[in-house]
Chemist: 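Just dropping this structure here.
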Amino acid sequence: MTTNAITTANTHSPVRSAGRLDFAKAAPKVFRSLIGFDAAAREGLDPALVELIQIRASHLNHCAYCLHMHTNDARKAGESEDRLHMVAVWREARHFFSARECAALALTEAVTLVADGGVPDDVYAEAAERFDEQELAHILSLILTINAWNRIALSTGKVAGTDERG
């Protein structure tokens, strides 16, 4: 069974939708630069927080490819299934997350959905209260990189479950 040139039955799925470019091959310098930006953004941040941010942005952007990748990465790093299930509804399940994580998730939402009204002062202030300037800069950078990755994956038709990382 196929839909939009993507195999959905229990057969081998293609890595991307038919007719879409392989971004890494078509723009290798840009791809490597984004990998470097992503790596620099993560420096000094708690790996669990990194995955929560990436998962939440991927939810908001409807990026199944990145959501699949980052929930798997979080599981491998020891994240609980309970917390993974609660990321999308974290505001109603704050007791699953620390105050720092909630501040980072709120900032992730505001930056990801920036066209809907910017980044509210209270959201920014809460994040600035919970993180020092360097951490905050890295969190903002991470939010920017996951949004870029989401847009690349969506634009090039990446298929969830086909993580190509080594």
Chemist: Are L154 and I143 in one and the same hydrophobic cluster, where Ile, Leu, Val, Met, Phe, Trp and Tyr link if side-chain heavy atoms are under 4.5 Å apart?
Modeler: no
Chemist: I'd like to know if L52 and V50 are part of one continuous hydrophobic network [Ile/Leu/Val/Met/Phe/Trp/Tyr, side-chain heavy atoms within less than 4.5 Å].
Modeler: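 Cluster IDs for V50 and L52 differ.
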Chemist: Does a side-chain heavy-atom distance below 4.5 Å link M86 with F97?
Modeler: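 Yes; the side chains approach each other to less than 4.5 Å.
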Chemist: Does anything in residues 142-151 pair up under salt bridge (charged side-chain N to carboxylate O under 4.0 Å, His left out), and if so which pairs, sequence neighbours excluded?
Modeler: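 Non-adjacent pairs meeting salt bridge (charged side-chain N to carboxylate O under 4.0 Å, His left out): zero.
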Chemist: What are the two closest heavy atoms between A153 and C66, and how far apart are they?
Modeler: CB-SG, 4.2 Å
Chemist: Mind checking whether F37 and I152 sit in one hydrophobic cluster, side chains of I, L, V, M, F, W, Y counted as touching below 4.5 Å?
Modeler: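 They do share one cluster, since a chain of ILVMFWY contacts under 4.5 Å joins F37 to I152.
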Chemist: Is there a path of hydrophobic side-chain contacts, each under 4.5 Å between heavy atoms of I/L/V/M/F/W/Y residues, joining I146 to L67?
Modeler: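 Not linked; separate clusters.
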Chemist: To the nearest 0.5 angstrom, please state how far the CG atom of D22 sits from the NZ atom of K158.
Modeler: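 Those atoms lie 6.5 Å apart.
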Chemist: Please, which pairs that meet side chain to side chain donor-acceptor pair (under 3.5 Å) have at least one residue in residues 29-39, sequence neighbours excluded?
Modeler: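 Checked against side chain to side chain donor-acceptor pair (under 3.5 Å) - neighbours excluded - the pairs reaching residues 29-39 are D38-R42, D38-T145, D38-W149.
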Chemist: Is L60 reachable from V87 through a run of I, L, V, M, F, W or Y residues, each pair having side-chain heavy atoms under 4.5 Å apart?
Modeler: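 As far as the 4.5 Å side-chain criterion goes, L60 and V87 are not connected within one cluster.
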Chemist: About how many Å separate OG1 of T112 and CG of N147, when rounded to the nearest 0.5 Å?
Modeler: 3.5 Å
Chemist: When rounded to the nearest 0.5 angstrom, what distance separates CD1 in I139 from CZ in R130?
Modeler: 12.0 Å
Chemist: Please list all pairs meeting side chain to side chain donor-acceptor pair (under 3.5 Å) that have one or both residues in residues 131-141, counting only residues at least two apart or in different chains.
Modeler: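 As it turns out, the side chain to side chain donor-acceptor pair (under 3.5 Å) pairs with a partner in residues 131-141, which skip direct neighbours, are R100-E135.
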Chemist: If you count heavy atoms of other groups shown closer than 6.0 angstrom to CG of D121, is the number above 12?
Modeler: no
Chemist: Looking only at heavy atoms, which two atoms of R20 and G157 are closest? And how far apart?
Modeler: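 Scanning both residues completely, I find the closest heavy atoms to be NH1-N, 3.7 Å.
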Chemist: Considering only heavy atoms from C-beta outward, does the side chain of E81 approach that of R75 to under 4.5 Å?
Modeler: yes
Chemist: Considering only distance and modelled atom types, tabulate donor-acceptor pairs under 3.5 Å from the side chains of residues 113-120, sequence neighbours left out.
Modeler:
none

Chemist: Is there a donor-acceptor contact under 3.5 Å from the side chain of N61 to the main chain of C63?
Modeler: no
Chemist: Among all residues two or more places apart in sequence or in another chain, which pass the salt bridge (charged side-chain N to carboxylate O under 4.0 Å, His left out) test with R94?
Modeler: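 With neighbours one apart ignored, the set is empty.
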Chemist: Looking at OG1 of T71 and CG of L84, how far apart are the two atoms once the value is rounded to the nearest 0.5 Å?
Modeler: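 Reported value, rounded in 0.5 Å steps: 6.5 Å.
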Chemist: What side-chain donor-acceptor pairs closer than 3.5 Å can you find for residues 101-111, not counting sequence neighbours?
Modeler:
residue : atom : partner : partner atom : Å
E101    : OE1  : R83     : NH1          : 2.9
E101    : OE1  : S98     : N            : 2.9
E101    : OE2  : R83     : NH2          : 2.9
T108    : OG1  : A104    : O            : 2.7
E109    : OE1  : R91     : NE           : 3.3
E109    : OE1  : R91     : NH2          : 2.7
E109    : OE2  : R56     : NE           : 2.9
E109    : OE2  : R56     : NH2          : 3.2
E109    : OE2  : W90     : NE1          : 2.7

Chemist: Can you find a pair of side-chain heavy atoms, one from V30 and one from F23, that are under 4.5 Å apart?
Modeler: yes
